[in-house]
*Asks:* 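Here's a structure for you.
Throughout, numbering of the chain's residues begins at 1 and tracks the sequence. Keep in mind it's a predicted model, so treat the numbers as computed, not measured.
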Amino acid sequence: MSNINRLVVLLPGFEHMPVEAHHRRFIREAAKTAPVYDMSVTESEPLRLSSTDGAVATGEFSLHATGQGWSATTDFILYGLGDITLFYASRNPLRRLASGLLALVDFVATGAFFRFVTTSWRYALFFIYPLLICCVILAAAAGTGKLAAHYNGLPVGLLVAGMVAVLLFWVAASKFHFLLLMDDWTFARDMARGKRPDVMRKLDRVIADAAARINDAPPGTEIVVAAHSLGAVCAIPLLDAALQKDSSRRCGLLTVGSSLLKVALHPAARSLRRSVETVADSRTIWIDVQSLTDPMNFYQSDPVRDLGIQSGTSPILVRVRFRNQLCDEAYKAIKRDFFRVHRQFVFGVEKRTHYSWHAILCGPELFADVAARGGLRCDRTTVPTAKLNIAGTATT
């Protein structure tokens with residue numbers, strides 16, 4: 001009977017969600033995934049929340065997974081990065097729009113956008129997406145305003161153009177996540193340039209707390225830092241800080257749908273690039289999971305290679321097709337919502353493949369073994385009786 005004791009540091013992506021919502025989603029999706037990988041998963045320790053003034057909320061919980069001839073106890077530390085992203089969402093819509101457009105201009109003017117093109121052209125298309133939305137809205141507003149002015153005079157035309165623009169921006173924000181995109185780019189620019197000391201202080205506290213917990217973990221505990229999307233931008237400095245205290249300990253790093261290069265390719269992000277080099281030069285085992293279906297990750301990229309790091313070890317690149325993990329009905333329901341597709345990295349699955357967020361973090365295989373194999377064992381395909389519930393909003 002093999003027994004694994006594991007500590008997982010969870011770093012969510014850019015989602016305006018509290019710790020409690022992230023915890024509920026993890027438990028729900030782990031329960032759906034478990035039978036696919038012949039696991040039984042129970043929550044042995046319920047969520048414990050803690051928060052201090054000036055810091056993000058932290059959640060701790062434990063899961064116990066069992067299967068034929070094995071068991072694994074995983075302690076999770078979940079950092080509420082949503083406490084930071086909610087700051088961006090709480091601003092006036094006009095300010096959110098203006099700061100997002102300024103960030104996009106910054107990424108073009110500094111040449112970061114052109115690095116996106118050469119690194120992953122699909123991601124460059126994602127960069128252009130909000131600009132296309134703006135162009136369509138402005139063109140529609142100008143066209144209707146011009147038509148109204150022709151028949152009713154210039155004042156009426158300007159009024160109609162303004163009303164159309166406001167209406168279409170509202171539709172874009174509610175249906176196409178437009179303001180969330182603006183916040184996302186503003187945050188990326190702030191991270192690259194260190195523009196907001198209040199945000200940087202919160203992230204520094206997360207990094208210091210997580211690094212201390214990693215270094216205090218008992219010997220024999222498997223340690224994995226798991227990050228989705230922009231969470232990778234926090235995961236790399238976190239591991240750097242842990243390595244500064246103890247470079248002998250071997251940790252696992254799991255980045256999925258990573259937006260690390262979104263920030264690291266900006267010329268001002270020197271500190272982040274140094275942290276990537278430190279992690280790449282260490283004993284850290286790094287798995288980077290990418291998907292062709294997801295336009296919001298840097299598909300076919302290699303962070304070490306693409307940042308020009310000469311001496312480091314590149315991550316193990318694992319590529320997954322969500323179509324192969326879901327039944328046809330479930331896949332069709334999400335494939336046109338690119339935010340929901342992006343979140344599939346951390347959602348449950350219906351068929352066994354070489355990648356599953358929950359099977360890696362809760363299951364019987366050591367992280368080093370998963371990396372050495374290039375993914376999970378997937379010697380059979382299972383479709384459980386209970387289908388995935390694909391209803392609900394993209395953020396939960």
Side-chain angles (χ1 to χ4, degrees), residues 8-34 41-52 54-63 74-91 96 173-184 187 199 202-203 205-206 209-210 224-235 238 254-259 294 296 330 333-334 337-349 356-358 360-362 388-396:
V8 173
V9 176
L10 282 177
L11 299 167
F14 195 86
E15 297 185 76
H16 304 328
M17 286 173 57
V19 166
E20 298 92 330
H22 280 293
H23 168 256
R24 285 195 301 270
R25 184 169 74 184
F26 191 94
I27 297 300
R28 182 190 70 218
E29 301 301 317
K32 293 173 180 176
T33 300
V41 177
T42 57
E43 189 171 17
S44 53
E45 292 288 341
L47 180 68
R48 303 183 303 279
L49 279 174
S50 61
S51 182
T52 57
V56 304
T58 303
E60 299 176 63
F61 61 100
S62 296
L63 293 184
T74 307
D75 297 323
F76 291 92
I77 305 168
L78 170 60
Y79 289 97
L81 301 185
D83 292 350
I84 295 173
T85 66
L86 280 171
F87 157 76
Y88 290 92
S90 66
R91 299 172 303 156
R96 295 172 70 183
S174 59
K175 301 296 184 181
F176 302 104
H177 314 288
F178 180 69
L179 288 180
L180 178 61
L181 283 172
M182 294 294 96
D183 294 341
D184 181 62
F187 176 71
V199 170
K202 287 179 181 290
L203 287 173
R205 291 192 180 193
V206 169
D209 183 72
V224 180
V225 177
H228 174 230
S229 192
L230 270 177
V233 178
C234 184
L238 186 161
L254 176 63
T255 52
V256 303
S258 172
S259 296
D294 174 26
M296 296 174 65
I334 71 169
D337 183 345
F338 63 78
F339 265 90
R340 177 57 181 83
V341 168
H342 185 56
R343 293 181 176 105
Q344 182 56 37
F345 285 106
V346 297
F347 270 65
V349 300
S356 162
W357 178 250
H358 304 92
I360 291 175
L361 299 181
C362 303
L388 291 179
N389 178 13
I390 54 178
T393 64
T395 57
T396 59

*Asks:* Taking only residues two or more places apart in sequence or in another chain, which ones pass side chain to side chain donor-acceptor pair (under 3.5 Å) with D83?
*Replies:* none
*Asks:* Can you list everything that forms a salt bridge (charged side-chain N to carboxylate O under 4.0 Å, His left out) with R24? Sequence neighbours excluded, please.
*Replies:* none
*Asks:* Could you tell me which residues satisfy ring-ring contact (aromatic ring centres under 6.0 Å, His included) with F338, sequence neighbours excluded, listed by chain and number?
*Replies:* Y129
*Asks:* Side chain to side chain contact (heavy atoms under 4.5 Å, CB included) with T85: which residues, sequence neighbours excluded?
*Replies:* F14, H16
*Asks:* List for me each residue that meets salt bridge (charged side-chain N to carboxylate O under 4.0 Å, His left out) alongside E43, sequence neighbours excluded, and say none if there are none.
*Replies:* none
*Asks:* Would you please name every residue forming a side chain to side chain contact (heavy atoms under 4.5 Å, CB included) with S259, sequence neighbours left out?
*Replies:* Y123, S229, L230, K262
*Asks:* Using side chain to side chain contact (heavy atoms under 4.5 Å, CB included) as the criterion, point out the one residue from T58, V19, L78 that pairs with L49.
*Replies:* V19
*Asks:* Taking side chain to side chain contact (heavy atoms under 4.5 Å, CB included) as the definition, give me every residue that meets it alongside T42, ordered by chain and number, with sequence neighbours left out.
*Replies:* H64
*Asks:* What heavy-atom pair brings C234 and V206 nearest, and what distance separates the two atoms?
*Replies:* SG-CG1, 3.9 Å
*Asks:* Can you sort out the partners of D75 under salt bridge (charged side-chain N to carboxylate O under 4.0 Å, His left out), two or more places apart, ordered by chain and number?
*Replies:* none
*Asks:* For A226, give me all partners under side chain to side chain contact (heavy atoms under 4.5 Å, CB included), at least two apart in sequence or on another chain.
*Replies:* V8, L10, L254, W357, L361
*Asks:* Who passes side chain to side chain donor-acceptor pair (under 3.5 Å) against T255, sequence neighbours left out?
*Replies:* W286, D288
*Asks:* Taking only residues two or more places apart in sequence, or in another chain, which ones meet H22 in a ring-ring contact (aromatic ring centres under 6.0 Å, His included)?
*Replies:* none
*Asks:* For F345, what residues pass the ring-ring contact (aromatic ring centres under 6.0 Å, His included) criterion, not counting sequence neighbours?
*Replies:* F322
